[in-house]
Amino acid sequence: MSAAGNDPRIPGVRAKKSLGQHFLTDAAITEKIADAADPSPDEVIIEVGPGTGVLTRALARRFGLVIAVEIDSHLASLLRTEFGEDSNVRTVTGDVRDFSPEDLFREYGRDIVGDGRAYKLAGNLPYYVASPIIRHFLESDRKPVKMVVTVQREVGENMVAGPGKTGLLSLAVQVYGAPTIVMHIPASKFRPKPKVDSVVVAIDVHAEPLVSDPERFFKVAKAGFRAPRKQLHNSLVKGLGGEGEAVREALIRMGIDGRRRPSTLTIGEWDMLAKELA
C-alpha cells in the first residue's frame, strides 16, 4: 500500500488497482509509524512505496537521509518535484525488489552510507508483494537494523505468530528478526477502502540469523509446510521425497514426535531437522 492521502498540494492522484495502492489518509498515523522506527537525525532510512509522500514528510523530519523507492513513475515524479535535489529525500523510480541495498546506497546515498553504515526501512507495503519485499531485505547481504512496515492484518499476525500457529512467513521473519505489532489501522483510514484492516509491524533485525544455514533450514521447512495440516512425518516425506522409515528414524533420534503438526515446531526444532534431513 502506498502511503499517501488527500493532499491538496497534489490533486488528481488516483490509486492504481494494478499496483495494489490504498492511500493512507490519516497523517497522525504516519507520525506514529515514523516514531516507531526509533528515528535519529544522523540515520538513513529506505522508504518503500512513498506514494504522495505523507509518510515521507514525517520521515524526512526525523532522519538524516530518506531514500524513497516508488514504482509508480507519476508519483515518483511528483515527489521528486516536491522535495527537490537539495533536500534530504532522494526519490527512486522502480520496483524495490530490483535494487539491493548496496545499489540504492551507491546510486542515491552518495558518500553518506557508502561506509557500511547501518540503515532502517519503513513502508506501507502493497498486500500482494508484502512478503517478498520483507524477505528481499531480510535475506540481503546488507540488512536493515530495523523495519517498520504496514501490512494486511492477517499477514502481520502471521509474522508474529508463535509455535502452534507458525507458518513459513513466521519462520522467514523470525529467523532474521524479532517482530512485534505496533498498532492496528482500520480499513476506513485508507483511500480507496480495502476489504481488510492493516497492522504496523516493527522488526528488530538480528545481527546474525538464528540458524547456521538458512538455505538448508528453509529447504526442510518448506517441505514440512507443504502439507501443513498433516502430521509432520507425512509432510516431510511428501515434501522431501524421501523414504518414510528414514524420516521416522531421524525424528526419533531428535526426540521429535512425528505426529505433531508443522505449525507446532520451534525455530530450534526446525534447525535440528534441517541439519539431520537436508
| So, does Asn88 use its side chain to make a donor-acceptor pair with the main chain of Phe63 at under 3.5 Å? | yes

| query | Are Glu107 and Arg90 ion-paired here, with the side-chain N under 4.0 Å from a carboxylate O? | reply | no

| message | If you count heavy atoms of other groups shown closer than 6.0 angstrom to CD of Glu154, is the number above 12? | response | no

| query | So do Val211 and Phe218 actually touch side chain to side chain, heavy atoms under 4.5 Å? | reply | no

| Is atom CZ of Arg259 surrounded by more than 12 heavy atoms (other residues, nucleotides or ligands) closer than 6.0 Å? | no

| Side-chain touch Arg62/Glu31, heavy atoms, less than 4.5 angstrom | yes

| Transitively linked via ILVMFWY side-chain contacts under 4.5 Å: Val145 with Ile45? | no

| query | What do you reckon, is CG of Asp141 surrounded by more than 12 foreign heavy atoms closer than 6.0 Å? | reply | no

| field | Donor-acceptor under 3.5 Å (Thr166 side chain, Ser263 main chain) | value | yes

| query | Within a strict 4.5 Å, meaning less than it, do heavy atoms of the Phe83 and Val66 side chains meet? | reply | no

| request: Using a strict cut-off of less than 4.0 Å between a Lys/Arg side-chain nitrogen and an Asp/Glu carboxylate oxygen, indicate whether Arg260 and Glu269 qualify as a salt bridge. | output: yes

| Neighbour count above 12 (heavy atom, 6.0 Å) for Glu245 CD | yes

| said: Under the rule for side chain to side chain donor-acceptor pair (under 3.5 Å), what residues qualify as partners of Arg80, not counting sequence neighbours? | reply: Thr93

| task | Please check if the side chain of Lys120 supplies one atom and the backbone of Ala37 the other of a donor-acceptor pair under 3.5 Å. | result | yes

